[in-house]
Amino acid sequence: MRRSTDVVPIVSKLYCSSSPALLTIRKRPVVVNGGGFVVTDSSYKVVFVVDGCGKLGAKGELMVKDGEGESILYIHKKGGIVQALTARSKWSGYSVDYQGQNRLVFSLTDPKSCCASNSAIRISIEPKGQSNYSWDFYINGSFVDKAFTIMDRNNRIIAQVDVQEFIGSKDLYQVWVQSGYDQAFVIGIIAVLDNIFGESTSC
């Protein structure tokens with residue numbers, strides 16, 4: 001059983017908090033700054049920025065930056081001839097260190113790919129290490145409605161997303177990240193879902 005003091009770093013322990021964190025996600029208009037979205041904490045400080053096609057100029061590529069504008073997570077969709085022959089499209093997320101080196105940290109199967117439309121969206125942490133499981137987290141709910149949770153394989157909620165009721169706009173929504181979990185990883189998953197469902201990071 002996970003203790004409340006445990007830390008679950010996936011991108012980095014730098015993005016794990018000892019207490020639950022409330023983050024607010026605001027979409028950026030494509031015509032002004034290339035789309036994507038900005039993430040602020042409860043003090044309205046920018047903690048993450050996500051760039052997509054409008055900024056990077058390529059489909060199926062996403063970049064998560066920290067509040068200082070440094071790249072910390074590069075995400076891309078598998079493509080090419082191999083992709084055309086596979087039944088399921090896969091997204092891969094790589095942490096980016098200060099030397100620009102990339103390390104695979106998670107994979108996610110696109111639910112819109114062939115034979116996967118009725119399956120839950122599942123996320124695998126890389127490298128697998130000693131785990132015999134094919135996946136580690138899954139999505140429960142609707143990204144389109146901004147009402148979903150990211151769950152671990154023991155059905156514990158690690159992050160919960162909903163629309164701020166007093167705003168009533170899906171261009172501004174919030175995510176609660178439970179203590180100890182990697183906030184950069186959670187934002188990376190949300191970035192992939194945003195792109196899959198044709199929102200602010202897509203072309």
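Note: hydrogens, waters and symmetry copies are ignored here, and every other heavy atom, side chains too, is used.
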Quick check: do [X] and [Y] have side-chain heavy atoms less than 4.5 Å from each other?
{"X": "Leu73", "Y": "Phe48", "answer": "no"}
{"X": "Ile150", "Y": "Val175", "answer": "no"}
{"X": "Ile139", "Y": "Ile189", "answer": "yes"}
{"X": "Asp51", "Y": "Arg28", "answer": "yes"}
{"X": "Ile75", "Y": "Phe106", "answer": "yes"}
{"X": "Met151", "Y": "Ile157", "answer": "yes"}
{"X": "Val96", "Y": "Asn102", "answer": "yes"}
{"X": "Ser92", "Y": "Ser107", "answer": "yes"}

I need the [X] [atom1] to [Y] [atom2] distance, nearest 0.5 Å.
{"X": "Ile196", "Y": "Leu108", "atom1": "CD1", "atom2": "CG", "value": "5.5 Å"}
{"X": "Ser124", "Y": "Arg153", "atom1": "OG", "atom2": "CZ", "value": "9.0 Å"}
{"X": "Leu193", "Y": "Trp91", "atom1": "CG", "atom2": "CH2", "value": "10.0 Å"}
{"X": "Asn140", "Y": "Phe148", "atom1": "CG", "atom2": "CZ", "value": "10.5 Å"}
{"X": "Ser17", "Y": "Gln178", "atom1": "OG", "atom2": "CD", "value": "11.0 Å"}
{"X": "Ser200", "Y": "Arg26", "atom1": "OG", "atom2": "CZ", "value": "12.5 Å"}

Worksheet item: Do Gln183 and Val47 pass the side chain to side chain contact (heavy atoms under 4.5 Å, CB included) test, and can you show the C-alpha distance, the side-chain angles, and the key distance before you say yes or no?
Response: CA-CA 10 Å; Gln183 296 169 28; Val47 287; 5.5 Å; no
Minimum heavy-atom separation for [X] and [Y], please, with both atom names.
{"X": "Ile121", "Y": "Thr109", "value": "CG2-O, 4.1 Å"}
{"X": "Ala191", "Y": "Thr201", "value": "O-OG1, 3.8 Å"}
{"X": "Ser179", "Y": "Ser18", "value": "CB-O, 3.5 Å"}
{"X": "Leu104", "Y": "Gly93", "value": "CD1-O, 3.5 Å"}
{"X": "Val186", "Y": "Ala159", "value": "CG1-CB, 3.8 Å"}
{"X": "Ser202", "Y": "Cys53", "value": "C-CB, 3.9 Å"}

Fill in: Within residues 34-48 or reaching into it, pairs that qualify as side chain to side chain donor-acceptor pair (under 3.5 Å) - sequence neighbours excluded
none
Item to complete: Quick one: do Asn155 and Tyr138 satisfy side chain to side chain contact (heavy atoms under 4.5 Å, CB included)? Show the steps, please.
Response: CA-CA 9 Å; Asn155 295 318; Tyr138 69 98; 2.5 Å; yes
Worksheet item: Can you check whether Phe137 and Phe185 have ring centres sitting under 6.0 Å from each other?
Response: yes
Please check if [X] and [Y] belong to a single hydrophobic cluster, counting links between Ile, Leu, Val, Met, Phe, Trp and Tyr side chain heavy atoms closer than 4.5 Å.
{"X": "Val8", "Y": "Ile158", "result": "yes"}
{"X": "Ile72", "Y": "Val46", "result": "no"}
{"X": "Val49", "Y": "Leu23", "result": "no"}
{"X": "Leu22", "Y": "Val161", "result": "no"}

Worksheet item: Taking the six-membered ring for Trp, are His76 and Tyr74 parallel (under 30°), tilted (30 to 60°) or perpendicular (over 60°)?
Response: parallel
Practice prompt. Give the intermediate values and the outcome of side chain to side chain donor-acceptor pair (under 3.5 Å) for residues Asp6 and Tyr181.
Written response: CA-CA 9 Å; Asp6 288 346; Tyr181 285 101; over 6 Å; no
Practice prompt. In sequence, state the C-alpha distance, the side-chain angles, and the governing distance for Asp97 and Arg103, and then conclude on side chain to side chain contact (heavy atoms under 4.5 Å, CB included).
Written response: CA-CA 8 Å; Asp97 65 20; Arg103 174 178 61 88; over 6 Å; no
Worksheet item: Considering residues at least two apart in sequence or located in another chain, which fulfil the salt bridge (charged side-chain N to carboxylate O under 4.0 Å, His left out) criterion with Arg122?
Response: none
Practice prompt. Examine distances only and state if a side-chain atom of Asp152 and a backbone atom of Asp136 form a donor-acceptor pair shorter than 3.5 Å.
Written response: no
Worksheet entry | For Glu199, all residues meeting side chain to side chain contact (heavy atoms under 4.5 Å, CB included), sequence neighbours excluded | Lys27, Phe143, Lys146, Asp194
Item to complete: Determine, step by step, whether Phe37 and Ile190 satisfy the side chain to side chain contact (heavy atoms under 4.5 Å, CB included) criterion, reporting the C-alpha distance in whole Å, the side-chain angles of both residues, the deciding distance to 0.1 Å, and the verdict.
Response: CA-CA 10 Å; Phe37 56 84; Ile190 292 173; 4.1 Å; yes
